[in-house]
Amino acid sequence: MIVIASDHAGVELKAALADVIRAGGREVRDLGPADTTSVDYPDFAHLVADAVASGEATMGVLICGTGIGMSLSANRHRGVRAALCHDAFTAEMARRHNDANVLCVGARVTGAGVAEQMVRVFLDTPFEGGRHQRRVEKIEIEREGS
């Protein structure tokens, strides 16, 4: 299952991306919000990150105005690798080389067509493994004194 959420700036794009996910034959669960009333993006980033980190969902998609706040918030969770992507190439590389499991999109800076393409590529691209595996493992290392 794929989980998806946004803040108020991303509600419209979120609905379109959920449709793209469903059209690809995947189950999607919308974690909110339901309308454009102002909300705090970290609340929704944490919902998606918790679902991915716990294994309840295989991947997540987060949308806010720029995607920056969502990516910062989601990456606070162990086991979550949230990638802010801007096009199909960055979405592909986030999966292929970084084993990203949450796609972050900026609704105010990314057109709907590009965002839809990114979601399809992100969900369809496998992790390459190999030399990239050890690099991904190093992401999870907590540094002493941190």
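Keep in mind that what you see is a predicted model, and the values were worked out from it rather than measured.
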Single-linkage hydrophobic cluster [X]~[Y], side-chain heavy atoms < 4.5 angstrom:
| X | Y | result |
| --- | --- | --- |
| V109 | L62 | no |
| V102 | V119 | no |
| L123 | I63 | yes |
| M59 | V48 | no |
| L13 | L103 | yes |

Give the minimum heavy-atom separation between [X] and [Y], together with the two atoms involved.
| X | Y | value |
| --- | --- | --- |
| G67 | C104 | O-CB, 3.9 Å |
| T125 | V121 | OG1-O, 2.6 Å |
| T110 | A115 | CG2-N, 3.9 Å |

D40: which residues meet the salt bridge (Lys or Arg N to Asp or Glu O under 4.0 Å) condition with it, sequence neighbours left out? none
Please name all residues satisfying salt bridge (Lys or Arg N to Asp or Glu O under 4.0 Å) with D19, sequence neighbours left out, ordered by chain then number. R22
Qualifying residues under ring-ring contact (aromatic ring centres under 6.0 Å, His included), relative to H97, sequence neighbours excluded: H132
If the condition is ring-ring contact (aromatic ring centres under 6.0 Å, His included), which residues does H86 pass it with, not counting sequence neighbours? none
Working note: N101 + V80, criterion side-chain contact (heavy atoms from CB on, under 4.5 Å); need CA distance, chi angles, decisive distance, verdict. CA-CA 6 Å; N101 49 18; V80 171; 4.0 Å; yes
Scan residues 98-118 for pairs that pass ring pair (Phe, Tyr, Trp, His ring centres under 6.0 Å), counting only residues two or more places apart or in two chains. none
By the ring pair (Phe, Tyr, Trp, His ring centres under 6.0 Å) test, which pairs, at least two apart or in different chains, include something from residues 107-126? none
For the side chain of S54 and the backbone of A51, is there at least one donor-acceptor N/O pair under 3.5 Å apart? yes
Which pairs with one or both residues in residues 59-77 pass side-chain hydrogen bond (donor to acceptor under 3.5 Å, both in side chains), sequence neighbours excluded? H46-H77, D50-H77
Cut-off 3.5 Å, no hydrogens considered: what does the side-chain donor-acceptor table look like for residues 2-11, sequence neighbours left out?
{"from": "D7", "atom 1": "OD1", "to": "A9", "atom 2": "N", "distance (Å)": "2.9"}
{"from": "D7", "atom 1": "OD1", "to": "G10", "atom 2": "N", "distance (Å)": "3.3"}
{"from": "H8", "atom 1": "ND1", "to": "V39", "atom 2": "N", "distance (Å)": "3.1"}
{"from": "H8", "atom 1": "ND1", "to": "V39", "atom 2": "O", "distance (Å)": "3.4"}

For F127, the rest of its hydrophobic cluster, which grows through side-chain links under 4.5 angstrom: V136
Report the hydrophobic cluster partners of L72, with the cluster defined as I, L, V, M, F, W, Y residues connected by side-chain heavy atoms closer than 4.5 angstrom, directly or transitively. I68, L84
Can you pull out every salt bridge (Lys or Arg N to Asp or Glu O under 4.0 Å) where at least one residue sits in residues 84-100? Sequence neighbours excluded, please. R81-D99, E92-R96, R95-D99
What pairs meet the salt bridge (Lys or Arg N to Asp or Glu O under 4.0 Å) rule with one or both residues in residues 111-131, with sequence neighbours excluded? R26-D124
SG on C85 to CD on Q117, rounded to 0.5 Å: 12.0 Å
Within this structure, what is the NZ-CD1 distance for the pair K14 and I21, rounded to the nearest 0.5 Å? 11.0 Å
